[in-house]
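Only this structure's heavy atoms are used, side chains among them; waters, hydrogens and symmetry mates stay out. Residue numbers begin at 1 in each chain, while the letters A, B, ... track the order of the sequences.
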Protein chains: 2
Amino acid sequence: MRRDIFQAIADPTRRAIMILIAVQAMTPNTIAENFHTTRQSVSKHLRILTECELVKQEQQGREIYYSLQIEKMKEIDIWLDQFRKLWETRFNQLDKVLSTMKKQKK
Amino acid sequence: MRRDIFQAIADPTRRAIMILIAVQAMTPNTIAENFHTTRQSVSKHLRILTECELVKQEQQGREIYYSLQIEKMKEIDIWLDQFRKLWETRFNQLDKVLSTMKKQKK
DNA sequence: TGTTTAAGAAACCGTTCGGTTGCAAATATA
DNA sequence: TATATTTGCAACCGAACGGTTTCTTAAACA
């Protein structure tokens, strides 16, 4: 039951939900209407996203508005950073550039 | 059996393998020695990583050297871009709110 | 040639995942 | 107060996942 941010973004439905509520907070019912799935299914996804702090909720009467906790996304960015350094320095090497040109010729 | 780059990086062992072979190409046996797992398990992970083109292999005799196909990582970077725009423009949001309040005052 | 070594493929097993169904709690409304 | 609405939670089910075991193929080497 160990929730992980990388496991959270592995599911395509969850990624779609994230994009949907990134701009505007939404209730589970409204989110479900935007996809072809049930409310309960969305609720489960939201629970997983909440568990790894990718999403925050705001109660308003009997409705709960969910929105993306965008700061958390930086964790992925940080992880990606170690590879970004590699692909940037790789392109600065002349021989690598030449071998890339060779490939493109094919 | 649909392989997806986001599903591929969901597993912590696979992420560790990716970092390991990002700098230097390695054989499945050598990779397995670096973790506390079997060669067959690593082989399975490498198969998944190969299927979504995150890894490339180079045969050398009876040994197969695996290395990270770092260009593929940019796909994650591109996906992250749409959120990056949001968290960067969030700094400017305060200005927008203030100008809107000004308008409403008029 | 026979043996050793490196690796992939297939079968199996326990666990987890995603979805559905049914139910309970809390709030709004008549 | 009684009813309808919004939501979360638990139980269940089929599929996929991660790991192990076993078998086969291919190359190196005596």
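- For the pair A:Asp4 CG and C:dT16 P, the computed distance is 15 Å after rounding to whole Å.
- A residue-by-residue look at A:Gln60 and A:Ala10 shows that A:Ala10 has its nearest nucleotide of DNA chain C further toward the 5' end.
- For B:Arg39, the listed nucleotide lying nearest its side chain is C:dA7; candidates were D:dG18, C:dA7, D:dG8.
- As rounded to whole Å, 14 Å separates atom C1' of D:dA27 from atom CG of B:Asn29.
- Note on A:Thr38: every side-chain N or O is 4.0 Å or more away from OP1 and OP2 of C:dG19.
- Across the protein-nucleic acid pair, B:His45 atom NE2 and D:dC17 atom C1' stand 10 Å apart, rounded to whole Å.
- Atom-to-atom distance recorded for A:Ser67:OG and A:Met26:CE is 11.5 Å, nearest 0.5 angstrom.
- Among C:dA7, C:dG18, C:dA9, the nucleotide with an atom closest to any side-chain atom of A:Ile48 is C:dG18.
- Taking only distance into account, the side chain of A:Gln59 never meets the base of D:dT7 through a donor-acceptor pair shorter than 3.5 Å.
- Counting only N and O atoms by type, the side chains of B:Thr30 and B:Thr27 include a donor and acceptor under 3.5 Å apart.
- In this structure, the CD atom of B:Gln40 is 12 Å from the C1' atom of C:dA10, given to the nearest Å.
- Distance, A:His36 NE2 to C:dT20 P: 13 Å, rounded to whole Å.
- Comparing A:Thr13 and B:Pro28 by the nucleotide of DNA chain C whose heavy atom lies nearest to each, the residue mapping closer to the 5' end is B:Pro28.
- Atom OH in A:Tyr65 sits roughly 14 Å away from atom C1' in C:dT27 (whole-Å rounding).
- As a whole-Å value, the separation of B:Ile64 CD1 from D:dA27 C1' is 11 Å.
- Look at CD1 on A:Ile31: it is 14 Å from C1' on D:dG8, rounded to the nearest Å.
- When each of C:dT20, D:dT7, C:dA7 is scored by its nearest atom to the side-chain atoms of B:Tyr66, the top-ranked nucleotide is C:dA7.
- You'll find that the side chain of A:Arg47 is closest to D:dC9, out of D:dC9, D:dT20, C:dA7.
- The side chain of A:Arg62 approaches C:dA28 more closely than any other nucleotide in the set D:dT7, C:dA28, C:dA11.
- Going from atom CG of A:Asp4 over to atom CD of A:Gln7 covers 6.5 Å, rounded to the nearest 0.5 Å.
- For B:Thr27, taking side-chain heavy atoms from C-beta onward, the closest of the listed nucleotides C:dA7, D:dC9, D:dT20 is C:dA7.
- Separation of atoms CG (A:Leu86) and CD1 (B:Ile19) is listed at 10.0 Å; rounding is to 0.5 Å.
- Residue contacts shown for B:Glu63 are limited to sugar-phosphate atoms, with no base heavy atom under 4.0 Å away.
- To the nearest 0.5 Å, atom CD of residue B:Glu58 and atom CD of residue B:Gln60 are 6.0 Å apart.
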- Item | side-chain contact (heavy atoms from CB on, under 4.5 Å) between B:Leu54 and B:Gln69, intermediate numbers included | CA-CA 5 Å; B:Leu54 266 170; B:Gln69 199 121 38; 5.7 Å; no
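- When distances are taken from the side chain of B:Gln7 to each of D:dA4, D:dC17, C:dC17, the shortest belongs to D:dC17.
- Among the nucleotides D:dA4, C:dG19, D:dT20, the one closest to the side chain of A:Ser41 is C:dG19.
- With distances taken from any side-chain atom of B:Ser43 to the nucleotides D:dT7, C:dT4, C:dG8, the minimum falls on C:dG8.
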